[in-house]
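Structure record follows, encoded as C-alpha cells.
Being a predicted model, the structure only gives us computed values, none of them experimental. Proteins come first, then strands; the chains are lettered A, B, ... in the order of their sequence lines, and each starts at number 1.
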Amino acid sequence: MVTFVLAGILLPFLGSLLVLILPRSWVKATSQLVTFAAMLCTLFVLYSLGMTGKVGYTQDLLFFGDIVLYGVIVDKISALLGSVFILFGFLVVVYSGGYLSEKNRDHVEHNGVQRRYYFFLLTFIGAMAGLVMSSTMLGLLAFFELTGVCSWGLIGYYNDEKSLKAALKAIVTTELASVGLFIATAAFFVLTGGFQLSAFATLDDTIKTWLFIGILIAAWGKSAQLPLHFWLPDAMAAPTPISAYLHAASMVKAGVYIFARCLLSAGTVPQVIGVVGVIMAIVTMFYGLLMYFPQKDFKRLLAYSTITQLSYIFFALSLSIFGSATAFNGAIAHVFNHALGKGLFFLVAGAVGFSTGTRLLPNLKGLLKKMPLVGICFAVAALAVTGVPPFNGFFSKFTIFAGGFEAAKNAPLLMILVVIAILETIGSFAWLFWVFSSSVPGDSSAEVAAASDIAPSMKFALVILACLALLSGFFAMAWLK
Amino acid sequence: MESPHLIWLLFVPLIASVLSLIVHWFGDFTRPILEFLHLASVTATLVLTFIVAGQVLDAGEALAFSDWLRVDSLGALFVVIVGVMGFLSGIYSIGFTRHELAVGYTNHDIAIGGLDMGRLRVFYSLFHFFLFTMLLAVTSNNIIIMWVAIEATTLSSAFLVGLYGTRPALEAAWKYVVICTVGVAFGLYGTILVYSDAVNLIQETSKASLWTEIVKNASTLDPTLLKLAFVFILIGFGTKAGIVPMHSWLPDTYSEAPSPVSALLSGVLVNCTLFVIIRFSIIVNLALGTSFAQILFLVFGVISLAAAVFFMMGQKDINRLLAYSSPENIGLILIALGLGGPIGILAGLLQLVNHSIVKTMMFFLSGNILMKYRSRSLDVVKGLMQAAPLTSFFLLAGVFALVGAPPFNIFFSKFLIVSAGIATGYWWLMIVCMLLLMLAFTALFRMGSSVTLGQKPVEIQNGESGFTTLAPIAILMVLALVLGLFMPAQLTDLLNGAVEVVNAGVTATPLAGPNGSASVAGPLGGLSVESFFSFFSGH
Amino acid sequence: MLNVNLINTLSGLLLLTSLLVIETKKPRQSAILYSFQSLILVAIFLALAIRMEADQLYLWAASAFLTKVVLVPVILYRALGKVDQTVTSLNTVSAPVSVLLAALAVVVSFTVVSQIELKSAADFIPALAISVAHFFFGQLCIVTQRNLFKQILGFCLMENGSHLTLALLAYRAPELVEIGIATDAVFAVIILVALAGQIYKRLHTLDSAELQTLKG
Amino acid sequence: MDAIQLLISSALTFAATGLLSLLLRGLERPARVVSGLGGAAASVLAFLSALAAFVGDSASLELTGFSAFGRFVLAMDGLSAFMVGAISLLAFAASIYSIGYVHEYRGRGCGELGFFNNIFIAAMLMVVTVANAFYFLIFWELMTLASYFLVIFEQEKKESVSAGYLYFLIAHIGTALIMLSFFILYQQTGSFDFDSFRNAGLPLGIQSLIFLLAFFGFGAKAGIVPLHIWLPRAHPAAPSHVSALLSGVMIKTAIYGLIRLCVDILGAPLWWWGFVVLCFGGLSALLGIVYALDERDLKRLLAYSSVENVGIILMGVGVGMMGMSLQLPTLAVIGFLAALYHLLNHAMFKGLLFMGAGAVVYSAHTRNMNEMGGLARAMPWTSFVFLVGAVAISAIPPLNGFVSEWFVFQSLFIASSTELGVLRVFAPLFAVLLGLVGAMAAMTFVKAYGTTFTGQPRSVHARDAVEVPGSMLAGMGALAIAVTLLGLGAPWVTPFIGGVAAQVANVPTETLASGIQIFPGNEAQGVLSTPIIFLLHAGLLTFPLVAVFALGGHRAGQRVDADPWACGYGYQPQMGISATNFAQPMLAAFRPLYLLRTLAQKPLDGIASFAKRFGASLPAAEPVVERTVSQPIFAFVRTVGGWVQRMQMGDLRMYCLYIFIALAVLLIVIFK
C-alpha cells in the first residue's frame with residue numbers, strides 16, 4: 001500500500017523532471033498523464049483504506065541512523081485530503097491545458113505551452129501530497145517550504161511587474177511565517193530527539209504551548225489569516241487555474257493541515273492555544289467578510305472568501321481543543337469540501353475571464369444566457385461555498401457549528417463566538433449570492449454577449465468539479481463518521 | 001601516516017603555475033596547451049585530494065615534511081573542498097576564459113572588460129598558485145606557515161581580482177590587497193603571540209610552531225596572552241574570512257573579479273581562513289575553556305549575519321548581492337560554532353560545506369549571466385528565462401538552495417544550526433537569526449525573480465553559454481541536492497572526525513556510536529548514517 | 001650582556017621614526033626614513049641576540065637587513081621615481097591629530113601589554129608595548145594617508161611592529177619561520193607596488209580618495 | 001405498501017420525473033408532460049401514503065445515515081400525514097395544471113422548470129416527514145433552493161431576480177435561526193433526533209430561547225409581518241403553478257415546523273409563547289389583507305392575501321398553544337383544529353386562485369388588474385373556478401374558507417372565557433380583528449374578481465384573451481372541487497383533522513364528535529354543519545326572490561340591454577371600477593396602516609445609506625494591515641539597510657579603521 005502512497009507523491013515529481021526534459025509538444029500530455037496516474041494511486045489508497053476499516057498506519061521511510069526523517073502516515077485524514085489535493089491537481093492540469101492558450105482573452109500576451117508552469121505545478125502537487133502524507137515534523141516543514149517556493153514560481157508566471165511583486169510578497173510573507181514552524185520543528189527535534197509526530201503527545205503542556213504558537217504562526221501565514229493575510233488577494237495575479245489550486249484548494253490548506261496534524265498527534269492541547277486560535281479566527285472571519293464588499297475583481301472577492309473559509313477551519317480546529325471531536329471532523333471535512341467548492345468557483349472565474357476577457361464583476365451580467373455551463377457551475381460553486389445543502393459546504397459548516405456547540409457546553413463564552421460565526425456565514429451568503437444574482441441570471445452585458453467559447457478541457461474540469469461539489473459533502477461526512 | 005601524496009598535492013598546482021607562465025613560447029598553441037596543462041593540474045589535484053582524504057579516513061591523519069604538513073579529519077574536509085571546488089572552477093574557467101578572450105581586452109575605461117593572451121597566461125598561472133596557497137593553508141601544521149599561506153593567498157589572488165585591468169577592477173584589487181594584508185598582519189600578530197607563548201613551554205623549539213604540539217601543551221599556555229592573541233587572530237583572519245566589520249573588501253572584490261575567481265574566493269578561500277580560525281579556537285578552548293571563543297564567535301556571527309542581510313536589501317548588483325551573502329553565511333557558521341557542542345560544530349561545518357557548494361555555483365551562474373549580458377545590474381539583466389532557460393533554471397534552483405529551501409542542502413544545515421541553538425538555550429537568538437535570514441531570503445528572491453523573469457533586453461541573443469560553463473553548475477546542483485537528501489558515508493565520517501577534532505578540547509567523550517555505516521531502509525533505500533545524528537538521539 | 005634599557009630605548013626610537021615616516025610629505029623621503037627605521041630594527045635584533053644569546057637572531061638581523069633596509073626601500077624608491085609626485089602629500093587628518101592618535105595607540109598598547117605575564121618578556125614590557133604601538137602606527141598611516149605609496153609604507157610599519165614582537169617573544173623560532181614572514185612581506189610590497197603602478201598607469205592617480213567608485 | 005414506502009416512492013417519482021424532465025430539456029413538450037404527469041402520479045402516491053398513515057398506525061423508517069448526526073428517520077404521525085395530504089392535493093392539481101401552463105415558457109427552459117418544480121415538491125414532502133433535525137435542515141434548505149430557482153425562473157425580469165435574492169436571503173436567515181434552536185437542543189441532548197429532543201428536559205429559559213429562535217426562523221419562511229417582505233415579491237415572480245405551491249403549501253411547512261418544534265417537541269409549556277404567536281398572527285392577518293386590498297397586481301394581491309391567511313393560521317396555532325400551556329385540552333384542540341383546517345383550506349383555495357391568476361396571465365399576458373376586465377366572457381371556465389376560489393377565501397359559506405375561519409372564531413371565543421386575564425382581554429379583540437379581516441378579504445376578492453373578469457376589457461391584452469387549455473382547467477377544477485368538498489364535507493373532515501389536532505395537543509381524540517349538529521352538546525364538540533348553514537343561507541337568498549316574485553316587482557328583474565350612461569359621455573372602459581379606485585375608500589380609512597409602510601421605510605433607508613457609506617469606507621480599510629504593519633516594518637528595514645549600507649562608502653581608509661575599531665573595542669571589552 002505504501003508503494004501507492006509513494007507513487008502518489010513521487011509521480012508528480014517525476015513528471016516535473018520529465019516536463020523539463022521532454023519536447024515541448026509533449027509537456028501537456030505528460031503532465032496530464034502523470035497527475036492522472038498519481039490520482040489513481042491516491043484514490044486506490046483511499047479506497048483500500050476504506051475497505052480495511054479505515055485503520056490508519058504509519059510507515060517510516062527515510063532515516064538518519066535511528067532517526068526517522070520522513071515517513072508516511074495513512075489514516076482517514078491524510079488519505080482523504082491527499083486524494084482530494086491530487087485529484088484537484090489533475091483537474092487543474094487538465095483545465096490548464098485549455099486555459100493556457102492564445103484564445104485566452106484574459107491574458108492575450110500568452111505564448112504557448114510553458115515548461116515552467118507545468119514544472120512548478122507538478123512539483124507543487126508532489127509537495128502537497130508529501131506534506132499531507134508526512135508522519136514527521138521535518139516532512140511537514142520541508143514540504144511546507146517547498147510549496148511556498150512553487151507558489152512563488154506560479155504566481156509570477158505572467159512575468160509582469162504586478163505578478164512578480166505579488167509573488168515576492170506571497171513568498172516572503174509565508175516564509176516569514178514559516179519561521180515559526182522552523183523553530184518549532186527544531187525545538188521538537190531537540191526535545192524529543194526525533195521528528196516523529198507521535199512523540200508530540202509525550203511533551204509537557206508548556207512546551208506544547210510554545211510549539212503550537214510556532215506552528216500557528218506558520219499556519220496563519222500560509223493560510224492567509226490576519227495579520228498575514230495580505231498576500232493572498234494580491235496573489236490573484238496568478239493564472240486562474242493556479243489561484244484555484246493553490247489559493248483555494250491546496251496550498252492555503254497546508255497551514256491548517258499542519259495545525260490539524262499536530263493537534264491530532266498532540267493529544268491534549270493547552271486551552272490557551274484554543275483561545276488564541278478561536279479569537280484570531282473570528283477576527284479574520286469578520287475582516288474577510290467586510291472586505292467582500294468593496295471588491296470589484298471577481299478573483300479578489302474569491303480570495304477574501306477563501307480567507308474567511310480558512311478561518312472557519314481554524315475556528316473549528318481551535319474548538320476541537322476544547323474537546324469536540326466533531327469540530328475537528330468538521331474542519332477536515334471543510335478542508336475537503338472547500339477545496340472542491342472554492343476550486344470550482346475559481347475555475348469558473350477563470351472560464352469567465354477566458355471567454356470574456358474581464359474579471360470585473362460590474363461587467364459580468366447574464367452569464368447563464370451566454371454560457372449555460374459556466375452559469376450553472378457558478379451557481380453550484382456559490383451554493384457550495386456559502387453552505388447551502390445539498391452542496392458540500394453545508395455539511396462541513398454544520399459539523400463545525402455542531403462541534404462549536406459541543407465545545408461550548410464546557411465553555412459557555414464560546415457560544416457567543418459560534419453564533420458570531422453563524423452570523424458571518426449569513427453575511428457571506430448574502431454577499432456571494434448577491435454577486436451571483438447580479439451576474440448569472442438575466443440579460444447579458446456587452447462583455448458577456450461577446451464571449452467566446454471555453455475549451456473542452458475546461459468544460460471537463462468544470463463538470464467534474466460541479467458534480468463533486470454536490471457529492472463530496474456526503475462523502476466527506478460519511479468518511480469521517 | 002607519512003603521505004607522499006600530500007606533497008604531490010601541493011606540488012602539482014605549484015608546478016602547473018610555473019609552467020603556465022612560460023608556455024607562451026609555443027605561439028599559436030599557447031591556449032590549447034595552457035588549457036591542457038590547466039585541466040591536467042586540476043584533475044590531478046582533485047584525485048590527490050581524494051587520495052589524501054582516503055588516507056585520513058583510513059589512518060586518522062596524513063603527514064609530510066616531518067609533521068610540517070598534516071591533514072587530519074578537519075583538514076581533509078577542507079582539502080576536499082579545495083580540491084572539488086578547484087576542479088570545478090577549473091573546468092568552468094576554460095569556457096569562461098574562452099568567451100572573455102573572444103570579447104578581447106580593451107584599454108578603454110569600461111565597466112567590464114575582456115582578456116588577452118597575456119592576461120590569460122597570468123590567469124592560469126595565478127589560478128594554480130592560488131590553489132597551491134589555499135592547499136598549503138589547510139595542510140600546514142605549522143601555525144606560522146599557515147599565516148604565510150593565508151597571506152600568500154591574498155597576494156596570489158590580487159592580480160586575479162584585477163585581471164580585467166579596468167578602473168573598478170583595479171580599485172577592487174587595491175582594496176582587496178591592502179585590507180587583507182593589513183588584516184592578516186593582525187593575524188600575524190596573533191600567531192606570533194601564540195607561538196611566543198608556546199616556545200617558552202616546548203623544549204624543542206623547532207616544534208613549538210607546530211599546531212599539534214601547541215594543542216598538546218595548550219592547558220599550560222598563558223591565558224591572558226592567549227586571549228590577546230585570539231582577538232588578533234579573529235580580527236586578522238576574520239578580515240580574510242569576511243566577518244563584519246572587517247568584510248569591506250569583499251563585495252568589491254567578488255563583484256569585480258572574473259567569475260571563476262569570485263567562486264574560488266567566496267567558496268573556498270573564505271573556508272580556508274575559517275579553518276585557521278577554527279584551528280586556533282581549538283587551542284583557545286583547551287586553554288581557556290570554550291566560553292571565550294564561543295562568545296566571540298557568537299557576537300561576530302550575529303553582527304555578520306545582521307549587517308550582511310541589511311547590505312543585501314536593495315542591492316542592485318547581482319555579484320555584490322551574492323558577495324554579501326557570504327558574510328551572512330559566515331555569520332551563520334560562526335553562530336553555529338559559537339553555540340558549540342557537537343551539534344553546533346557539526347552544523348557549522350556542514351553549513352560551511354554547503355555554503356561553499358552553493359555559493360560557488362551561484363558565482364558560476366553570475367559568470368554566465370555576465371557573459372551573456374555584459375552587465376551585473378538587476379536593471380539590465382532580465383528575462384533570462386527567455387534568453388537561456390537552462391541557466392535560468394539553475395539560477396532559480398541556486399537561489400532556492402542559497403535561501404535554504406528544501407530539498408537543498410542548506411536547508412538541513414540551517415535546521416541543524418537552529419536545533420543546536422535551541423538545544424543550548426538560545427531560543428531568542430535563533431528567532432532573531434531566522435528573521436534576519438528572511439531579509440536575505442527576500443533579497444535573493446527578488447534577485448532571482450528579477451533576473452529570470454521579466455522581459456529580456458531586445459539586443460540579447462537567445463542561447464546557453466556552453467558545456468564547460470554549465471556542466472560544473474550542474475554538478476554542483478546535483479551535489480547540493482544529494483547533500484540535501486542523503487549524506488554519503490565518507491563525508492559523514494569526515495564530518496564526524498572533524499567534529500571530534502574541533503570538539504577535542506571540550507568534552508572528554510568522543511562522539512557516541514560506531515562509525516557511519518550505510519544501511520538500506522524502506523523502498524527509497526535511504527542511506528542511513530548512524531553516527532551522524534545519533535548523538536542527539538541519545539541526548 | 002646588554003642593558004635592557006638599550007633595547008627599550010631603541011624601540012622608542014623606532015616609534016619616533018615611524019611618526020616621521022607617516023608625517024613626511026614626500027613619499028621618497030618616507031622610503032628613506034623607513035630604511036633608516038629598519039636599520040634600528042636590525043640593531044634591536046642584534047642587541048637582543050647578544051642579550052638573549054640567541055643565535056638565530058643574527059640570522060634574523062641579516063635577513064631583516066637585506067629585506068627591510070635594502071630591498072623594500074629600493075623597490076619603493078624606484079617605483080616612486082616613475083610616478084608623479086604632486087599628489088603625494090595628501091592626508092586625511094592634520095599632523096597634530098595623527099600624533100595625538102599615535103599617542104593614544106601607545107597608551108592603549110601599554111595598558112594591554114602590562115597585563116601580560118610572560119616570564120620571558122618581563123624585561124621587555126616597554127619594548128613589547130612599543131612593538132604593539134608600532135603596529136598600530138602602521139595602521140594609523142594607512143588610515144590617515146591618501147597616497148597609495150604611503151599606505152604601502154603603513155603596511156611595512158605594521159610588519160616591522162610584528163617583527164619586533166616576534167623577536168622579543170619568540171627569538172628562538174626556527175629561521176625558516178622568520179624567512180617565510182620576511183619573504184611574504186617583501187612579496188606583499190612588490191605586489192602592492194605593482195598594483196599601485198598599474199593603477200597609476202591606468203587611472204593616473206595615486207590618491208586613494210579617487211578609488212571610491214565601488215560602494216554600497 | 002405502508003405509508004412510508006408510499007411516501008418514499010412518491011418522493012422518488014418526483015425526483016425521477018424531475019431529472020427526466022431535465023434530461024429532456026431539449027424537447028420541451030415531452031419534458032412538460034413527463035414532469036406534469038409524473039408529478040401528478042407522484043402526488044397520488046403521496047396522497048395514498050397520507051391516507052395509509054391515517055388508516056394504519058403511525059409509521060416510521062430508520063436508516064443509518066451517512067453523517068455522524070444520527071439516523072435518517074422518516075416518521076408519519078398524524079401531523080406529518082396531514083401535511084403530506086395537503087401537499088399532495090395541491091401538488092396534484094399543480095402538476096396537471098402545469099402540463100398546459102408551462103407551454104407559456106417554451107424556449108425558456110421547460111425542462112429545468114419541471115426539474116426544479118418536482119424537486120421542490122419532493123423536498124417539501126421530506127421536510128414534513130423527516131424526524132431528524134440534521135436531515136430536516138437539509139431538506140428545508142433544498143426546498144428553499146429549488147423554489148429559489150423557480151422564483152428567478154423569469155430571469156429576464158430584474159425584479160424576479162431581486163425578489164428571488166430577497167427570498168433566499170430571508171429564508172437563509174430563518175434557517176440559521178432554526179439551526180440555532182436545533183443546536184441548542186443538540187448541545188443538551190447530544191443528538192439531532194426529534195425523539196431525543198422530546199426528552200431534553202431543558203430549563204424553561206432555554207426552552208423559551210429555542211421557541212423565539214424557532215418562531216422567527218419559521219416565521220421568516222411563513223411570511224409573518226414584519227418578515228413577510230419577500231413574500232409579495234417572490235410568490236408572484238414564479239410561474240403560477242409554482243406560486244400556487246409556494247403560497248399554498250411551502251409557507252405552511254413553516255407552520256408545520258413551528259408546531260413540530262414548539263408544540264410537539266417542547267410541548268408549549270408557557271402561555272406567552274402562544275400569545276406571541278397569536279399577536280403576530282393577528283398583526284399579519286390585518287396588515288396582510290390591508291396591503292392586499294391596495295394591490296393592483298393580481299398575483300401580488302394573492303401573495304399579500306397569503307400573509308393574511310398565514311396570520312389566521314397562526315392565530316389558531318397561538319390559541320392552541322395557549323390551550324396547551326393552560327392545560328385546557330379543548331381550547332388546544334380547537335385551536336390546532338382551526339389552524340390545520342385553515343392551513344389545508346388555504347392550500348386549496350390559494351392554489352386555485354394562483355392558478356386562476358396564472359390562467360389569466362397565460363391568456364392576457366399581464367398581471368396588472370387595471371389592464372384586465374371582462375375576461376369572464378372570454379374565459380368562462382377560468383372565471384368560474386376563480387369565483388369559487390374567491391368565494392372560499394372570503395369565508396363565505398358553504399365553501400371551506402368559512403369553515404376554518406369559523407373554527408378560529410370559536411377558538412377565540414373559548415379562549416376569552418379562560419381564567420387567564422390576558423386572554424380574557426385580548427381574545428375578543430382578536431375575534432373582532434378577525435371579523436374585520438374577513439370583511440376586508442371579501443372586499444379584496446370582490447375587487448380581484450370584479451376588476452379581472454367583469455366589466456369591459458381595459459386593454460388589448462384583455463380583449464384578445466382566450467380560454468386556457470384543458471389541462472389547466474382540469475387542475476383548477478380539481479381544486480375547485482376540493483374547495484367545495486372541504487366546505488360541504490366539513491362534518492366528515494373535521495374529525496380527521498381534529499384527530500390530528502388532538503394528537504398535536506397530546507390529548508385523547510374522543511372529545512371531538514362528528515355529525516350534523518347545530519347545537520353541540522358540549523364545547524368540545526364545536527363542530528358546525530356546513531350543509532345546514534348552506535341551506536340557511538340558500539334560504540335567506542330565496543327569501544328576496546320570493547318576495548320580488550310575490551310582490552310583482554318582475555320589472556326589476558328585466559334585463560335592459562343598452563349602453564351604460566355616463567353623465568353624457570360615451571362609456572369608456574376606464575370609467576369602470578378598476579383595482580385602484582375600488583379600494584380608494586379603504587385606503588383612506590386605513591391610512592395609518594399604510595403609513596406604516598412609509599414609516600418603516602425611513603429607518604430602512606437610514607440603514608441602507610449607512611451601509612452604503614460604510615461600504616464606501618471599506619476600500620480604504622482593505623490595505624490597513626499592510627499600511628500599519630507590513631509597510632512600516634519594510635520601511636524600517638529599508639532605513640536600517642540604508643544606514644548599514646552607508647558603512648560601505650567606498651573609502652579604503654575607513655575600511656581599515658573599521659578593523660582597527662573592531663580590534664580596539666574587543667581589546668577594551670576583554671581587557672577593560
Side-chain angles (χ1 to χ4, degrees), chain A residues 2-3 6 10 20 59-72 111 114-116 119 127 138-139 141-146 148-149 152-153 156-161 163-165 167-168 171-172 175-176 178-180 182-194 210 214, chain B residues 343 383 385 389-390 392-393 396 400 403-407 411-412 414-424 427 430-431 434-435 437-438 441-442 445-446 448-450 452-455 484-487 492 513 516 519 521-524 526-534 536-539:
Chain A
V2 174
T3 323
L6 273 180
L10 293 179
L20 289 180
Q59 171 84 48
D60 302 330
L61 294 174
L62 203 62
F63 298 86
F64 265 130
D66 49 357
I67 294 185
V68 182
L69 294 187
Y70 185 73
V72 291
N111 46 2
Q114 293 262 352
R115 293 171 196 277
R116 175 164 51 107
F119 170 75
L138 190 67
L141 173 66
F143 284 118
F144 187 85
E145 302 217 351
L146 195 54
V149 167
W152 169 82
Y157 175 71
Y158 281 122
N159 254 353
D160 48 17
E161 191 76 14
S163 59
L164 290 181
K165 224 172 167 178
L168 196 65
I171 182 81
V172 169
E175 286 299 307
L176 183 67
S178 85
V179 168
F182 201 102
I183 301 271
T185 308
F188 184 86
F189 173 53
V190 168
L191 293 166
T192 66
W210 285 109
Chain B
I343 320 179
M385 195 76 86
L390 199 56
S392 131
F393 170 76
L396 275 187
F400 294 157
V403 298
F411 172 75
F412 286 94
K414 210 168 80 178
F415 184 82
L416 272 186
I417 293 173
V418 175
S419 298
I422 288 170
T424 42
W427 282 79
M430 288 304 113
I431 292 171
M434 290 299 293
L435 292 179
L437 281 176
M438 273 311 299
F441 182 98
T442 313
F445 250 87
R446 208 183 51 116
S449 60
S450 170
T452 54
L453 306 176
Q455 289 302 316
L485 296 170
F486 316 103
M487 189 68 70
T492 315
S519 73
L524 270 185
L527 273 170
S528 157
V529 186
E530 284 164 18
S531 61
F532 184 57
F533 276 73
S534 55
F536 333 115
S537 64
H539 302 290

Closest approach of [X] to [Y] (non-hydrogen atoms, all atoms of both residues):
| X | Y | value |
| --- | --- | --- |
| B:Ile422 | A:Ala186 | CD1-CB, 3.7 Å |
| B:Met438 | A:Val179 | CG-CG2, 4.0 Å |
| B:Ser419 | A:Val190 | O-CG2, 3.1 Å |
| B:Pro406 | A:Glu145 | CD-CB, 3.4 Å |

Tell me, for [X] versus chain B, whether the close heavy atoms (under 4.5 Å) come from the side chain, the backbone, both or neither.
| X | value |
| --- | --- |
| A:Leu164 | side chain |
| A:Leu168 | side chain |
| A:Thr185 | both |
| A:Phe119 | side chain |

Considering only heavy atoms, which portion of B:Phe400 lies under 4.5 Å from any heavy atom of chain A: side chain, backbone, both, or neither?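 Side chain only.
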Less than 4.5 Å to any heavy atom of chain A: does that hold for the side chain of B:Phe441, its backbone, both, or neither?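 The side chain, not the backbone.
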Among B:Leu396, B:Leu435, B:Val403, B:Leu390, residue most engaged with chain A (heavy-atom pairs, under 4.5 Å):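 Top count of heavy-atom pairs under 4.5 Å with chain A: B:Leu396.
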Are any non-hydrogen side-chain atoms of A:Arg115 and B:Phe393 less than 4.5 angstrom apart?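 In short, these two side chains do not touch, never coming nearer than 4.5 Å.
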Close side-chain approach of A:Phe189 to B:Val418, heavy-atom, < 4.5 Å: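 When only atoms from C-beta onward are counted, B:Val418 and A:Phe189 do not touch, as no gap falls below 4.5 Å.
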